[in-house]
Amino acid sequence: MDLSLFYFANDSGGAESDRYRLLLEGARFADENGFAAVWTPERHFHPFGGTYPNPSVTSAAIAATTERVKIRAGSVVAPLHHALRIAEEWSVVDNISRGRVGVSFASGWHAVDFALNPAAFTNRRTEMYERIEQVRALWRGESIEVTDGAGSQVKVRSFPPPVQADLPIWVASVGDVETFRSAGRIGAGLLTHLLGQTPEQLAHKISEYRKAAADAGWPGHVVVMVHTYLGEDTDSVRELVRPSLSDYMRSSLGLILASDLSTGDLEPDEIDMLVERAFEHYFDNVGLLGSVAKGEQVVARLAELGVDEIACLIDFGLPTDEVMTGLTYLKQLQDACGTDAPDDRTPCP
């Protein structure tokens, strides 16, 4: 079991003098203390996650200030972009980092995000897989056929050449088990989380993913994102994180419910009840929250489900200094669980 850091802040709406301090200080801590990777997402047009509109930009900053930690997108919304742009940007980061990048791809799910490429929304899942194969080809130095400004069909390749011969990739999914199977079949890792699915459901999906990966001739690699803060004892951590994590969940509620209903359809007391129940359930049963000893139990449960790596989401609203203190306890968990610098089990086609 590897431990990595994951960022998805809800702080992009207001003025901030040092907005990326936690990202960079956390990345340096991960680099110096044997964590596996640092993940940054792609999110548009919303304060929840909007600090990270382009993971290649944040990853370039991380690459320039670290030496060994892997640097990953979690995730690139592939249908929003041309494959050439994805390959170019991440090859630059691969060069800056001397071969440490990996990319998780997502199909996207919010229609507003597709203001960047409206035509891709309807067939976004199909387009995601097409982008993946195009990016892989470009990464290997191959050319792809495109239409130029004059309407002519031409073949082009991307530059600069990357350091890694093959790009480690993942597919992000939480819902459809067929996406899990598809990720295994194409030689991609799987990036998921436990919001909206039970451990039993996740275990079944991981099993299906492993079968598909085995049929494709490789073991697979499963990463689960988990909200994380560890401290001296569980009770004090519960009260410390309750306000910020509850606010974080409240802010994400509209995002989570967007496909079904608006939070405007709910009364304030109904929202309060949902948030409170979500907090207690997540703290007690899902999150990497509490003491180091409790964290060991969480790691053991996730290992039983078939998880290879825990991506620890640390920027859910606590002050930066508080989060950095919590990372020292996360390092204790890493030592207790025997995790250290990552090996080469990351996905490679």
Side-chain angles (χ1 to χ4, degrees), residues 1-9 11 18-42 49 51-52 55-75 90 93-94 96-104 163-164 168 170 189 191 193 221-231 241 287-289 292 295-296 298-299 302 307-347:
M1 181 73 75
D2 288 326
L3 299 181
S4 56
L5 301 186
F6 195 100
Y7 290 84
F8 207 113
D11 68 349
D18 201 359
R19 195 183 302 280
Y20 296 96
R21 178 188 161 208
L22 178 57
L23 172 68
L24 297 176
E25 289 192 10
R28 286 191 288 268
F29 184 95
D31 191 57
E32 294 164 1
N33 288 279
F35 286 79
V38 178
W39 302 78
T40 54
E42 176 180 349
T51 301
Y52 300 103
S56 68
V57 174
T58 49
S59 293
I62 294 167
T65 58
T66 58
E67 295 292 334
R68 54 151 302 280
V69 70
K70 302 290 187 182
I71 303 166
R72 300 175 185 158
S75 302
W90 285 96
V93 183
D94 202 47
I96 294 172
S97 67
R98 297 183 295 280
R100 290 185 281 139
V101 308
V103 176
S104 172
V163 174
Q164 298 177 94
W170 290 257
L191 174 63
H193 57 73
H221 187 265
V222 177
V223 183
V224 172
M225 183 276 292
V226 179
H227 295 71
T228 300
Y229 183 85
L230 299 180
V241 304
L288 197 55
L289 302 161
V292 174
E296 291 182 49
V298 173
V299 170
L302 290 172
V307 175
D308 298 300
E309 177 180 327
I310 300 174
C312 302
L313 192 155
I314 61 171
D315 61 337
F316 54 83
L318 290 171
T320 295
D321 290 339
E322 199 75 68
V323 177
M324 294 304 298
T325 297
L327 290 183
T328 63
Y329 291 95
L330 190 60
K331 169 61 175 171
Q332 291 180 28
L333 175 64
Q334 177 179 255
D335 294 341
C337 294
T339 61
D340 202 346
D343 56 23
D344 292 327
R345 291 175 293 147
T346 49

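Position 1 is the first residue of the sequence, and the numbers go up from there.
Every residue meeting the side-chain contact (heavy atoms from CB on, under 4.5 Å) condition with V57, not counting sequence neighbours, appears here in chain and number order: N54. Judged as a side-chain contact (heavy atoms from CB on, under 4.5 Å), and not counting sequence neighbours, the contacts of V323 are L22, I314, L318. For the side-chain hydrogen bond (donor to acceptor under 3.5 Å, both in side chains) test, residues two or more places apart in sequence or in another chain that qualify with D94 are Q164. Residues forming a side-chain contact (heavy atoms from CB on, under 4.5 Å) with R28 (at least two apart in sequence, or on another chain): L24, E25, E32, T65. Considering only residues two or more places apart in sequence or on other chains, A30 meets the side-chain contact (heavy atoms from CB on, under 4.5 Å) condition with L5, F35, V38, V69. Judged as a side-chain hydrogen bond (donor to acceptor under 3.5 Å, both in side chains), and not counting sequence neighbours, the contacts of S104 are S75.
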Quick one, L191 with F6, criterion side-chain contact (heavy atoms from CB on, under 4.5 Å). Give me CA distance, side-chain angles, the key distance, then yes/no.
CA-CA 11 Å; L191 174 63; F6 195 100; 4.3 Å; yes

Intermediate values then yes/no, side-chain contact (heavy atoms from CB on, under 4.5 Å), I96 and I71:
CA-CA 11 Å; I96 294 172; I71 303 166; over 6 Å; no

L23 vs Y52, test: side-chain contact (heavy atoms from CB on, under 4.5 Å). Steps then yes/no.
CA-CA 11 Å; L23 172 68; Y52 300 103; 4.1 Å; yes

Should K331 and L327 be marked as a side-chain contact (heavy atoms from CB on, under 4.5 Å) after you check the CA-CA gap, both sets of side-chain angles, and the distance that decides it?
CA-CA 6 Å; K331 169 61 175 171; L327 290 183; over 6 Å; no

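Taking both residues in full, the closest heavy atoms of W90 and A73 are given as CZ2-CB, 3.4 Å, listed atom of the first, atom of the second, then distance. Contact between M324 and G26 at its shortest, heavy atoms only, is SD-N, 4.0 Å. Annotation for V299 and M1: closest pair O-CE, 3.7 Å, computed over non-hydrogen atoms. Shown here for G34 and Q334, the closest heavy-atom pair between the two residues is O-OE1, 3.1 Å. Heavy atoms only, all atoms of each residue included: I62 and A27 are closest at CG2-CB, 3.9 Å. Nearest heavy-atom pair across V93 and S56 is CG2-O, 3.5 Å.
Using a cut-off of 4.0 Å between Lys/Arg side-chain N and Asp/Glu carboxylate O, K70 and E309 are scored as not salt-bridged.
Once rounded to the nearest 0.5 Å, the distance linking CG of L289 with SG of C312 reads 10.0 Å. The OH atom of Y20 lies 10.0 Å from the OG1 atom of T40; values are rounded to the nearest 0.5 Å. Rounding to the nearest 0.5 angstrom, the gap separating the OG1 atom in T228 from the CG atom in D315 is 10.5 Å. Atom CZ in F8 sits 8.5 Å away from atom CG in L313 (nearest 0.5 Å). L333 contributes atom CG, which lies 6.0 Å from atom CG of L288 (distance to the nearest 0.5 angstrom).
Aromatic ring pairs are classed by plane angle as parallel below 30°, tilted from 30° to 60° and perpendicular above 60°; the pair W170 and W39 is perpendicular.
One N or O on the side chain of R100 and one on the backbone of S97 form a donor-acceptor pair closer than 3.5 Å. At distances below 3.5 Å, at least one donor-acceptor pair connects side-chain atoms of T325 with backbone N or O atoms of D321. In this structure, the side chain of R19 does not engage the main chain of T51 through any donor-acceptor pair within 3.5 Å.
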